[in-house]
Protein chains: 2
Amino acid sequence: MKPAQLTQTISDTMVDLRKSERKVAEFVLKEPLGVIRMRIVDLAQQAGVSEPTVVRFCRAVGCHGFQDFKLALAQQLASSPSYGQIAVTDKDSTREYTHKVFDSTVDTLLKVRDSLALENLEAAVAAICNAQRVEFYGFGASAAVAFDAQHKFFRLQITSAAYSDPHLQNMSATSLQTGDVVIAISQSGRTQALLDSMELVKQSGGIVIGLAPSGTPIARSANIAIEIDAKEDIQIYTPLSSRIAHLAVIDVLAIGVAQKKGPQLQAHLQQLQSGLSSLRVG
Amino acid sequence: MKPAQLTQTISDTMVDLRKSERKVAEFVLKEPLGVIRMRIVDLAQQAGVSEPTVVRFCRAVGCHGFQDFKLALAQQLASSPSYGQIAVTDKDSTREYTHKVFDSTVDTLLKVRDSLALENLEAAVAAICNAQRVEFYGFGASAAVAFDAQHKFFRLQITSAAYSDPHLQNMSATSLQTGDVVIAISQSGRTQALLDSMELVKQSGGIVIGLAPSGTPIARSANIAIEIDAKEDIQIYTPLSSRIAHLAVIDVLAIGVAQKKGPQLQAHLQQLQSGLSSLRVG
DNA sequence: TATTTCTTGTAAATTTTTTACATAAATAAA
DNA sequence: TTTATTTATGTAAAAAATTTACAAGAAATA
């Protein structure tokens, strides 16, 4: 019994259920939280059926028995609702808004994790590994992401640069060689200047990897689109968690490249690390 | 029964338990996943005690009975074990390392969320609101965090700057007024140049908010320390999730400031948004 | 309408948990 | 050290909960 989608299974199975079993299903879906603390008699009574019917229902949805069913239900309920996109209100306590920020970030990350197109990630990693130069373009909040990415890839012995200035982007774009890669980062997916830069990159024979929401002009215009949909209240505050999702995707790309580049990189990183330690105390 | 910390409760209660009850506790902590599918007889037998002892143990950790205990345990296990700090290996598939990166990031965020000192966050928010100028200092990976933060606070109508150059930091630091705030960001907490800048800030009467691991020189040297412990395999790859935790903390600070600044900010943000839209297509 | 099949509930059996109590162990007092 | 008292633990019985077997009732088909 996969607990992750029990309620889903119940909904799906609904059509195959007998009338009285369906009563149980409906009650469970209506009050799943109450059910996990119930005994079989309570559930039978509240659903208006007999106890054996409840057992039959449990078996019908793939569980071994009533206890097994309750356990699976409890697990599902415990696993999902903790996070979520909750709007911060102006009356929230420090504790509340701290939790909300972290939880909605976590929520975004989990959603993005499950919606990433892996084949595009693989294509992106391959393209980066083949490139002579890798550059990161982004404006506004995405500029910080671009610089973070540049820093990260630089450490992987990849010639990389980050530009948040449209003129620099354009100049650099026109000097790219065939096979070079530009990673265009945008939270909105609609930044005109970035689209312009991307066009120049493609004219130079460069490959554009786009990090942007799905269906946006930037995602469509990219050679390889890594679509990141982090719905959030973009109106009220600056992009909150979407740029964090972008950073996580950059991490994934970096890991992918590091893996492909193999173990000779390990030695290089060790060296870098020891070089840095001289700048640190203790 | 709060399921979120049952195993924590067990660990805490351990000292008050009788010898045989402790056997149960140890077994549960050793094999929590197995326990949720066990009957009381199995658990009693495997822990080497009698069934009533198991019941007494359940009551001792705050549950109503054995079933209640199993339910709470199941809920806790369902909510946590999916994440965790798992090292990426060189044989991982794209799917695997993608999940690992996201999951360990989520894990870090949840840990940091629960370990933040709220009173220090509040103090930091208050200090930022009182400051004439707010500046962000960081090197390396933290430089990107600093720029992100600058961008974020700039949108909140706060005069802010970000410097990742020690000379610029020093020049700016000496020109600060009493009450101005510098947020010093460091993943390692040991960067010598950052410590030097912090010293200058304090000499100018500025307040230093430190974002760094607990107990590190930077955390200790800061006027307000926001300690962020994101243990990770810092050796092999660049700081992966700790900078994301830093960004999340910046978000929290920004929300806190926005809340304090009140609703007149809303109008300003609306305006900003409409200004940006002219740079976008569609 | 009669027959068959399917559905559902009653009641019994089984399993599982909990309680009551007795014994053993440990601690404290003499 | 010995004895009394308290505390801890297990045995066995009781209670509670779940599951099975079966029969009655409803629905469907001939």
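Computed from a predicted structure; not experimentally measured. Here is how names work: the chains are called A, B, and so on, in the same order as the sequence lines, proteins then strands, and each is numbered from 1.
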Notebook entry, point to check: Any salt bridge between A/Arg59 and A/Asp68, counting N to O under 4.0 Å?
Noted result: no
Margin query: Would you say A/Gln67 places a side-chain N or O within less than 4.0 Å of OP1 or OP2 belonging to D/dT18?
Written below: yes
Next item on the list: List in chain and number order the residues that pass side-chain hydrogen bond (donor to acceptor under 3.5 Å, both in side chains) with B/Asp114, two or more places apart in sequence or in another chain; answer none if no residue qualifies.
Entry: none
Checklist line | N-O pairing of A/Asp42 and A/Arg37 below 4.0 Å | finding: no
Margin query: Checking B/Arg18 now: which residues fulfil salt bridge (charged side-chain N to carboxylate O under 4.0 Å, His left out) with it, not counting sequence neighbours?
Written below: B/Glu21
For residues 50-57 of chain B, which side-chain donor-acceptor pairs fall under 3.5 Å, sequence neighbours excluded?
unit_1, atom_1, unit_2, atom_2, d
B/Ser50, OG, B/Thr53, OG1, 3.1

Checklist line | Any donor-acceptor pair under 3.5 Å from A/Asn120 side chain to A/Ala225 backbone | finding: yes
Note to self: Is there a side-chain contact between B/Thr53 and the phosphate of D/dG10, meaning an N or O under 4.0 Å from OP1 or OP2?
What the structure shows: yes
Can you name the atoms? Protein N/O to nucleotides 20-23 of chain D N/O, anything below 3.5 Å, with the distance.
unit_1, atom_1, unit_2, atom_2, d
D/dT20, OP2, A/Arg59, NH1, 2.9
D/dT20, OP2, A/Arg59, NH2, 2.9

Checklist line | Length of the NE2-P vector between B/His64 and D/dA17, whole Å | finding: 10 Å
Checklist line | Strand contacts (DNA chain D) in residues 11-26 of chain B, 4.0 angstrom heavy-atom criterion | finding: B/Arg18, B/Lys19, B/Ser20
Next item on the list: List for me each residue that meets side-chain hydrogen bond (donor to acceptor under 3.5 Å, both in side chains) alongside A/Ser214, sequence neighbours excluded, and say none if there are none.
Entry: A/Asp229
Note to self: Taking the basic N atoms (NZ, or NE/NH1/NH2) and the acidic carboxylate oxygens, is any pair closer than 4.0 Å for A/Asp251 and B/Arg243?
What the structure shows: yes
